[in-house]
> 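Mind looking over this structure? Questions follow.
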Amino acid sequence: MGVTVDRLLPSDEAYDLLDLTRELAGRELAARVDDYEARGEFPREVLRTLGRSGLLGLPYPEADGGAGQPYEVYLQVLEILAGHWLAVAEAVSVHTLACYPVFARGSDAQRKLLPDMLGGELLGAYCLSEPQGGSDAAHLTTRAARDREDWVVTGTKAWITHAGQADFYNVFCRTGGDGAAGISCLLADADTPGMLPQKPERTMGLRSSAPAQIVFDGARVHGDRLVGAEGGGFAIAMEALDAGRLGIAACAVGLAQAAVDYAAAYAREREQFGRPIAAFQGLGFLLADMATQVSAARALLLSAARLKDAGRPFSVEAAKAKLFATDAAMKVTTDAVQVLGGYGFVRDHPVERWFREAKVLQIVEGTNQIQRLVISRSLTRG
Ligand SMILES: Cc1cc2nc3c(=O)[nH]c(=O)nc-3n(C[C@H](O)[C@H](O)[C@H](O)COP(=O)(O)OP(=O)(O)OC[C@H]3O[C@@H](n4cnc5c(N)ncnc54)[C@H](O)[C@@H]3O)c2cc1C
């Protein structure tokens, strides 16, 4: 899947990396996805395999244990993974996001964890959302108070990907007054006393990586696990999300590309009125629009990624890419179901799963309304 795309990559190494990803995805992901999705089991071993193959720290410097790849290459790896198994691609994207706070603001002692984080030995989680608010993250209420050597954390985080599976958790909590300036970032280990992951949510899709709440019942995190400055947590959370949104956009492009490829192949085979349905202009034009949406989404994504790679401001372009690519994925996967007719509505074909999975991409890492807010603010505030 995704093989129909003619890609221009920045190096020979990048072509090799994408070949390796296709080979790994064909071998490790394609054969497992249906079974794991049906059972709702998290594929921890698959992520270990990806880690050992160097795919869990791609955009971080080699000196820290990463692969030193440009963001545009990392995103195309994600795209290929998403075309085979969205939950795995999203897990790679969330893990990459979860490594950012320690990479960008970690103390020397915290940064010693980076090789294991970026090598995939340690899986990460990013805990920002809460039951009473996801979009308005600056008003989060989980509180951390100092008690001698420790921070004592009380509150509930919601929708946390890798809850109960991760080895380290970035916990954004209130250590000061109201608003963004009162928020800090703590790095909690999986065995933190009083940190209690709950049962996974019963989700519409991504069942092999369903998020869960985490209750912090006086959880004790050692004082040396404050990441960056006290009160600096919200800035870290937003910086991480800027780049993370590109990851979600890449997942959307991969999912949509898989849907186009599958629908086109089906339309070439399926006959009605004595001809392949692809020969009917009504269907051919539908496929043409689907393919165009995917190409446009990929172009927007890569142009935002190249700004990031060049060290230029990219957050508004990342918001546009996330908005467009995830809306395109929803439209394209809906149309793919239509191309298959009744067969699109049953589980014998993957388009049914892709249609359910596309929805979540319009919600996570800032809903598409929040992306519009980011874009419109850049226009109205000058
Ligand atoms: C599968 C999954 C995985 C997730 N993983 C994580 C994770 O790992 N870590 C994490 O921290 N969070 C995670 N989330 C949470 C996700 O980021 C939030 O669901 C999202 O930010 C929206 O928050 P909410 O659900 O509280 O909706 P709300 O914020 O209550 O929004 C409800 C509706 O109101 C709209 N809205 C809100 N404010 C505005 C506004 N100002 N203008 C216009 N419309 C507005 C929203 O767009 C939405 O349509 C995950 C969610 C899901 C479903």
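Both ligands and their constituent atoms are indexed starting at 1 by order of listing.
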> Mind checking whether Trp159 has an N or O less than 3.5 Å away from an N or O of ligand 1?
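N/O-N/O distance under 3.5 Å: yes.
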> In this structure, is the centre-to-centre distance between the rings of Tyr126 and His162 below 6.0 Å?
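No - the distance between ring centres of His162 and Tyr126 does not fall below the 6.0 Å cut-off.
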> Output, in order, the C-alpha distance, side-chain angles, deciding distance and verdict of salt bridge (charged side-chain N to carboxylate O under 4.0 Å, His left out) for Arg105 and Glu239.
CA-CA 11 Å; Arg105 303 283 206 293; Glu239 280 169 35; 2.7 Å; yes
> Can you find a protein heavy atom closer to atom 29 (O) of ligand 1 than 4.0 Å?
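Looking at atom 29 (O) of ligand 1, one finds that a protein heavy atom does lie closer than 4.0 Å.
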> Is it true that Glu45 and Arg32 make a salt bridge, defined as a side-chain N closer than 4.0 Å to a carboxylate O?
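Salt bridge between Glu45 and Arg32, a charged N being under 4.0 Å from a carboxylate O: no.
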> Enumerate the atoms of ligand 1 whose separation from the nearest heavy atom of Leu128 is less than 4.0 angstrom.
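Checking each atom against Leu128, I get 11 (O).
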> In this structure, does ligand 1 have an atom that sits under 4.0 Å from one of the heavy atoms of Ile363?
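Contact check Ile363 vs ligand 1: positive.
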> How far is atom 45 (C) of ligand 1 from the closest protein heavy atom, and which atom is that?
Gln369 CB, 4.2 Å
> Quiz question for you: does at least one protein heavy atom lie closer than 4.0 Å to atom 10 (C) of ligand 1?
yes
> Please tell me if atom 35 (C) of ligand 1 is touched by the protein, where touching means a protein heavy-atom distance below 4.0 Å.
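Protein heavy atom within 4.0 Å of atom 35 (C) of ligand 1: absent.
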> Classify the side-chain pair Gln293/Asp289 by whether it contains a donor and acceptor separated by less than 3.5 Å.
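No.
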> Kindly confirm or rule out an N or O of Val360 lying under 3.5 angstrom from an N or O of ligand 1.
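No; every N/O pair is 3.5 Å or more apart.
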> Indicate, as side chain, backbone, both or neither, the part of Ser135 found under 4.0 angstrom from ligand 1 when only non-hydrogen atoms are considered.
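Answer for Ser135: both.
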> Using distance alone, determine whether Val94 and ligand 1 share an N or O pair under 3.5 Å.
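For ligand 1, there is no N or O atom that lies under 3.5 Å from one belonging to Val94.
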> Over 60° means perpendicular and under 30° means parallel, so tell me whether Tyr266 and Tyr343 are parallel, tilted or perpendicular.
tilted
> Taking atom 50 (C) of ligand 1 as the reference point, report whether a protein heavy atom occurs under 4.0 Å from it.
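When distances to the protein are checked, atom 50 (C) of ligand 1 has a heavy atom within 4.0 Å.
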> Would you mind running through ligand 1 and noting each atom that sits below 4.0 Å from a heavy atom of Glu365?
17 (O)
> Which bit of Thr367 is near ligand 1, meaning a heavy atom under 4.0 Å away: side chain, backbone, both or neither?
side chain
> Tell me whether Asp136 has any N or O atom under 3.5 angstrom from an N or O of ligand 1.
no
